[in-house]
Amino acid sequence: MPPKRTTRAGVKSSKESKGPEGSPKDDAVQKGPGKRKRAADKSEEQKSPSDTSSSPSYSHWLMKSEPESRIEDGVDVKFGIEDLKALPNQTSCWDGVRNYQARNFMRDMKEGHQAFFYHSNCKEPGIAGLMKIVKEAYVDHTQFDKKDVHYDPSSKSENPKWSMVDVKYERMTERFIPLAELKKYHLQHKSKGGPLRNMALFTRARLSVQPLTTEEFDFVLSLEDADPI
DNA sequence: GCCAACGTTGGC
DNA sequence: GCCAACGTTGGC
């Protein structure tokens, strides 16, 4: 099962670290000297501390999820901020991330960090609210679950590939902050300078889990009280 | 529904 | 280890 959409959450929070585990079957394969080595492996092992061009480790994030129903392999992948809010303890694991860079960013997350809940692939994409990281990276059990949309047959239980974190709903933003508006600022800041000039949402558009500098985060938050442009 | 951007796969 | 083909993301 290749990289699927952003994410999804079970009605489960912590305590789930284990999972079906096991899932033998085609063992052997992976470790061989043959396999491995590939663009992916690169981003995989290295750059854990979001090293790219240094960046003194981030503490603010943006995480994408789809708020509208969409059936993938027979399963509805819908998971908007209202869905998170409705869960027990308003907490969920952020499973299903199958992109190395996004995974590595999740591994950089610390308890207490804040993240924007971004609505993607929908009528009106944008930032809907805030959440808090309440559990740091641990094994994403869905990679071993053959019935899960995010099942990854190439991942072995002895050496799991994918991680997830737990997030807790914090609040809605005072108003929805549309992608279109963020983009206007981005373009403006790109030509004249400003906090959003390098925002990952535009420079790394397809990353489902991305970091924000404190400056970016604060600026976006300041838009809550500003008039839409 | 289209399609550009871009990550991943796999042949050579 | 290159790179073309393929598949996914996600805005529009």
Side-chain angles (χ1 to χ4, degrees), chain A residues 1-9 26 28-48 50-53 61-81 83 94-108 115-129 140 142-143 148-156 159-164 176-190 196 198-212 220 223 228-229:
Chain A
M1 210 117 314
K4 286 316 188 177
R5 273 324 198 221
T6 357
T7 198
R8 191 355 171 8
D26 53 32
V29 191
Q30 172 147 211
K31 294 286 202 168
K35 294 290 160 191
R36 73 170 28 235
K37 281 314 83 134
R38 192 145 257 119
D41 291 78
K42 225 184 211 168
S43 37
E44 178 178 8
E45 305 309 336
Q46 67 183 211
K47 64 169 44 166
S48 211
S50 36
D51 70 47
T52 308
S53 56
W61 311 93
L62 179 149
M63 302 168 88
K64 301 178 182 176
S65 188
E66 301 183 43
E68 293 172 6
S69 280
R70 193 174 58 80
I71 306 302
E72 185 174 293
D73 296 347
V75 179
D76 193 349
V77 297
K78 169 185 189 296
F79 188 73
I81 194 165
D83 298 299
W94 202 267
D95 66 325
V97 171
R98 296 295 182 266
N99 168 281
Y100 290 112
Q101 281 204 32
R103 180 205 67 177
N104 289 343
F105 282 132
M106 285 203 295
R107 290 180 176 180
D108 289 340
F116 286 125
F117 195 121
Y118 178 89
H119 282 172
S120 69
N121 204 23
C122 56
K123 206 62 180 281
E124 201 183 16
I127 291 170
D140 178 347
T142 65
Q143 68 197 295
D148 194 281
V149 187
H150 305 289
Y151 173 58
D152 180 358
S154 73
S155 182
K156 304 299 164 218
N159 186 22
K161 280 189 181 175
W162 307 110
S163 302
M164 62 185 181
F176 182 82
I177 303 175
L179 172 66
E181 182 176 343
L182 292 169
K183 189 181 226 161
K184 286 179 197 164
Y185 283 111
H186 168 64
L187 293 174
Q188 189 178 304
H189 294 180
K190 210 164 50 145
L196 301 194
N198 297 129
M199 194 181 189
L201 194 54
F202 306 103
T203 59
R204 314 286 337 275
R206 296 178 47 192
L207 249 197
S208 68
V209 175
Q210 44 183 262
L212 283 85
V220 172
L223 297 178
I229 63 167

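Reminder, nothing fancy here: chain letters follow the sequence lines and each chain counts from 1.
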**Student:** What I want to check is whether the side chains of A:Thr142 and A:Arg98 have a donor and an acceptor closer together than 3.5 Å.
**Tutor:** yes
**Student:** From A:Asp140 CG over to A:Arg103 CZ, what is the distance, rounded to the nearest 0.5 angstrom?
**Tutor:** 11.5 Å
**Student:** Considering only side-chain heavy atoms of A:Lys64, which listed nucleotide, C:dG11, B:dT8, C:dG10, is closest?
**Tutor:** C:dG10
**Student:** Check the distance between B:dC6's P and A:Phe202's CZ and give it to me in whole angstrom.
**Tutor:** 14 Å
**Student:** For the residue pair A:His189 and A:Leu196, what are the closest heavy atoms and their distance?
**Tutor:** ND1-N, 2.9 Å
**Student:** Specify the separation, in whole Å, of atom CZ of A:Arg98 and atom P of B:dT9.
**Tutor:** 13 Å
**Student:** Please give, in whole Å, the distance from B:dC2 P to A:Asn121 CG?
**Tutor:** 15 Å
**Student:** Nearest whole Å is fine: how far is B:dG7 P from A:Phe105 CZ?
**Tutor:** 12 Å
**Student:** For the residue pair A:Leu212 and A:Phe116, what are the closest heavy atoms and their distance?
**Tutor:** CD2-CE1, 3.6 Å
**Student:** I want to check one thing: is the phosphate of C:dG10, taken as OP1 and OP2, less than 4.0 Å away from some side-chain N or O of A:Lys183?
**Tutor:** no
**Student:** Does a nitrogen or oxygen in the side chain of A:Arg204 sit under 4.0 Å from OP1 or OP2 of B:dA5?
**Tutor:** no
**Student:** Provide, to the nearest angstrom, the distance between the CG atom belonging to A:Asp152 and the C1' atom belonging to B:dG7.
**Tutor:** 15 Å
**Student:** For B:dC6, does OP1 or OP2 lie under 4.0 Å from any side-chain N or O of A:Tyr100?
**Tutor:** no
**Student:** For the aromatic rings, using the six-membered ring if either is Trp, is the centroid distance between A:Trp162 and A:Tyr100 under 6.0 Å?
**Tutor:** yes
**Student:** Categorize A:Tyr118 for me: base, sugar-phosphate, or nothing, with a 4.0 angstrom heavy-atom threshold over every strand shown.
**Tutor:** sugar-phosphate
**Student:** Please state how far atom CH2 in A:Trp162 lies from atom C1' in B:dT8, giving the value in whole angstrom units.
**Tutor:** 10 Å
**Student:** Take the angle between the ring planes of A:Trp94 and A:Phe117 and call it parallel below 30°, perpendicular above 60°, tilted in between.
**Tutor:** perpendicular
**Student:** Might you point out which heavy atoms bring A:Pro67 and A:Ser65 nearest each other, and give the distance in Å?
**Tutor:** CD-O, 3.4 Å
**Student:** Between atom NZ in A:Lys161 and atom C1' in B:dT9, what is the gap in whole Å?
**Tutor:** 11 Å
**Student:** Would you work out how much the helix from B:dG1-C:dC12 to B:dC12-C:dG1 bends between its ends, with each end axis defined by five base pairs, to 10 degrees?
**Tutor:** 10°
**Student:** Rounded to whole Å, how long is the line connecting atom CZ of A:Arg206 with atom P of C:dT8?
**Tutor:** 10 Å
